[in-house]
Amino acid sequence: MKINVTLPDGSIRQYDQGATAMDVAKSISEGLARNVLSAKVNGEVRDASRPLPGDCSLALLTWNDAEGKSTLWHSSAHLLAEAIEALFPGTKFGIGPPIENGFYYDIDPGERAISDADFPAIEAKMKELASKKLTFSRTEVSKADAIKYFTEKGDEYKLELIEGLQDGQITFYTQGNFTDLCRGPHIPDTSFIKATKVLSVAGAYWRGDEKRKQLTRLYAITFPKQKELDEYLVMLEEAKKRDHRKVGKELDLFTFSEKVGAGLPLWLPKGAALRERLINFMKTAQEKQGYQQVATPHIALKGLYVTSGHYEKYGKDSFQAINTPQEGEQFMLKPMNCPHHCEIFASRPRSYKDLPLRFAEFGTVYRYEQSGELHGLARVRGFTQDDAHLFCRPDQVKEEFLKVIDLVLLVLRALNFQNFEAQISLRDKEDRSKYIGSEENWVKAEQAIIDAAAECGMKTVVEYGEAAFYGPKLDFMVKDALGRKWQLGTIQVDYNLPERFELEYVGSDNARHRPVMIHRAPFGSLERFIAVIIEHTAGNFPLWLAPEQAILLPISDKYLDHCRALSASLKDSDIRALVDERNEKSARRSAMRNSPKPRSCSSSEKRRPATAPLA
RNA sequence: GCCUUUGUAGCUCAGGGGUAGAGCACUUCCUUGGUAAGGAAGAGGUCCCGGGUUCAAUUCCCGGCAAAGGCUCCA
């Protein structure tokens with residue numbers, strides 16, 4: 001009896017019953033066999049050493065496949081666990097999955113604390129075990145046996161995991177002295193793991209629940225070649241150099257003060273000027289689309305947020321009310337601009353002919369963030385949104401939404417972002433208690449976003465549970481230098497706040513109607529946006545944004561006057577120029593960093609007209 | 001908020017129970033016509049803050065605050 005195996009190129013080969021993916025690899029080439037990490041059989045990733053189930057399609061997975069990498073990292077997690085168990089006996093284990101870059105294992109080392117001082121020992125142990133060429137053997141076990149094994153081992157985390165599994169579908173994998181509950185698959189043996197680096201240690205709640213015990217999470221990464229690890233570490237170093245917190249300091253853009261408070265950025269002159277340029281860019285684009293600027297105060301009576309629903313939702317987790325000394329009034333720092341803008345809409349009767357109304361404000365808002373969440377400019381407690389609220393008729397929603405998408409894409413293009421992701425953020429599928437408003441309104445709003453995104457042909461991903469409490473969102477996500485994802489622009493369709501604020505306009509039928517609101521912020525916040533463009537450009541801003549568009553470097557004092565004249569002339573043409581008058585060579589060089597167009601100046605240059613185009 | 005780590009000159013960092021250290025930056029003078037470092041001299045510190053142990057604490061212990069990496073959260 002032979003089985004037919006269909007390979008990715010469409011060719012069909014015949015093998016004996018019971019042949020493994022590894023056998024197939026060997027029959028193709030020795031080199032391939034040496035590199036096979038796992039195999040995709042009829043679309044399911046499995047051990048390369050498992051017998052094929054019969055006629056099937058087969059793709060051999062190597063380090064060049066994402067799934068191959070995951071297999072190696074998953075096996076590496078088991079190796080990490082074995083090393084931990086050897087070094088710190090009695091450690092209990094949570095889960096240890098592969099992730100985008102490497103893998104982690106959540107462990108409970110009991111009384112002992114694991115710190116980065118332990119990393120070298122762990123790495124050495126992993127390396128030692130890897131070189132033993134231990135195979136990963138798969139065993140199917142009954143639920144009772146599985147429970148027995150981990151009860152004897154005293155590992156309550158694994159027992160909890162087993163509880164959630166079906167009898168008959170439980171497998172163990174064993175390599176060397178370590179056996180783990182695992183559905184697999186794994187690499188053929190540990191010798192494929194040639195380079196190992198434990199990256200960091202962090203706390204992580206068991207099953208992601210902050211009410212449960214906090215385990216110790218070890219992040220690590222492995223490679224099949226030492227050279228690849230070295231390159232990865234170099235890449236991490238390079239990414240660190242782009243960190244906006246570091247570059248922002250070097251460029252004198254912003255600072256923080258312990259006296260002012262954590263998460264409250266102080267913008268230095270160059271940073272403030274950068275903000276101004278972004279604001280003007282946005283104002284110009286918005287004026288073309290018929291927006292009107294409004295301005296509102298930084299505090300409002302608590303009642304405003306009771307009306308909007310923000311108080312009920314976030315009141316406990318916000319900065320607390322400010323009380324007046326005599327009258328006993330309670331004011332809140334504004335966390336959002338939308339309630340204020342609703343009141344502007346409500347300030348007078350509106351006709352259908354007035355709509356859409358587009359109120360824009362670079363509004364600074366304040367939100368309490370847990371101290372551990374603060375992160376440079378990307379997560380702060382006070383920030384400025386390029387906010388606007390569009391009040392429109394139901395029949396105008398789609399067109400307005402599409403125009404906002406244009407605006408967001410204009411921003412992303414102007415700053416040369418190619419790798420952004422458009423995310424449709426919908427309600428949680430199960431828990432609807434987190435949201436205000438009627439089912440009918442939500443369905444309308446969600447459909448409006450889905451339709452608009454589809455109509456402009458944008459590639460999107462759908463995330464459930466990511467909606468705001470008053471409406472669904474279209475969020476634009478980008479990654480920072482270290483691969484962390486941040487939300488920048490956002491567009492939200494909202495049928496609920498107009499209802500809560502009882503907003504109305506008079507229709508052509510002379511009856512009162514409820515407008516629909518679109519919340520939108522193409523930058524998101526200036527703070528986070530600037531953080532991301534710093535990392536995106538490594539501080540080398542596009543010319544229109546750069547703090548200094550031209551720096552003149554006289555090579556001797558003899559040319560100072562000429563440089564000053566040249567600089568004045570450039571300034572007359574609205575080019576931000578400065579003369580670096582410092583005498584040290586080193587100063588000249590350091591000034592050249594992060595300047596898009598450094599120019600040196602001497603007699604040969606002097607012959608050219610001062611308005612010569614910047615080369 | 002929770003876990004781990006860190007806090008010394010403007011920056012990057014070394015040090016260590018008994019007058020505080022380096023490199024770069026800064027100031028002054030000299031030198032200089034060329035793309036990452038010309039020379040000399042000088043100034044600069046509450047060693048994060050508060051308690052404790054000690055004859056003596058920047059160093060050891062406890063508590064705050066801030067920062068880094070995660071977790072949970074994010075209008």
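Lettering of chains follows the sequences in order, A, B, ..., and the numbering in each one begins at 1.
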Using atom [atom1] in both nucleotides, what's the gap between [N] and [M] to the nearest angstrom?
N	M	atom1	answer
B/G63	B/C2	P	12 Å
B/G33	B/U28	C1'	24 Å
B/C71	B/U12	C1'	30 Å

Using a heavy-atom cut-off of under 4.0 Å over every strand shown, decide if [X] touches base, sugar-phosphate, or nothing.
X	answer
A/Arg245	sugar-phosphate
A/Gly208	sugar-phosphate
A/Thr216	nothing
A/Ala204	sugar-phosphate
A/Tyr470	sugar-phosphate

Quiz item: Does A/Asp243 or A/Ser115 map to a spot on RNA chain B nearer the 5' end, using the closest nucleotide for each?
Solution: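 Looking at RNA chain B, the more 5' nearest nucleotide goes with A/Ser115.
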If you go through the side-chain atoms of [X], does one of them form a donor-acceptor pair with the base of [N] closer than 3.5 Å?
X	N	result
A/Gln214	B/C2	yes
A/Tyr205	B/G1	yes
A/Arg212	B/C71	no

Does [X] put a side-chain nitrogen or oxygen below 4.0 Å from OP1 or OP2 of [N]?
X	N	answer
A/Arg217	B/U4	no
A/Ser200	B/G70	no
A/Tyr219	B/C71	yes
A/His375	B/G69	yes

Quiz prompt | Near-strand residues of residues 297-316 of chain A, defined as heavy-atom separation under 4.0 angstrom from RNA chain B | solution =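 A/His310, A/Tyr314 - these, ordered by number, are the residues of the stretch whose heavy atoms sit under 4.0 Å from the strand.
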Quiz prompt | Centroid-centroid under 6.0 Å between A/Tyr470 and A/His519 rings | solution =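 Ring centroids of A/Tyr470 and A/His519 are less than 6.0 Å from each other.
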Quiz item: Is there a Watson-Crick or G-U wobble partner for B/C71 with both distances under 3.5 Å, and if so, which one is it?
Solution: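 With both distances under 3.5 Å, B/C71 matches B/G1.
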Practice problem: Go ahead and name the base partner of B/U35; Watson-Crick or wobble counts if both distances stay under 3.5 Å, otherwise write none. | Solution: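 B/U35 is unpaired by these criteria.
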Exercise. Answer whether the closest heavy-atom distance between the side chains of A/Tyr366 and A/Ile299 falls below 4.5 Å.
Key: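 Not touching, per the 4.5 Å side-chain cut-off.
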Practice problem: Name the closest nucleotide to the A/Ala113 side chain, picking from B/G1, B/U4, B/C74. | Solution: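 In terms of side-chain proximity for A/Ala113, the closest of B/G1, B/U4, B/C74 is B/U4.
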Please tabulate, for the side chains in residues 97-106 of chain A, all donor-acceptor contacts under 3.5 angstrom to protein atoms that are two or more places apart in sequence or on a different chain.
from, atom 1, to, atom 2, distance (Å)
A/Glu100, OE2, A/Lys479, NZ, 3.4
A/Tyr105, OH, A/Lys158, NZ, 3.0
A/Tyr105, OH, A/Asp180, OD2, 2.4
A/Asp106, OD1, A/Arg217, NE, 2.7
A/Asp106, OD2, A/Arg217, NH2, 3.0

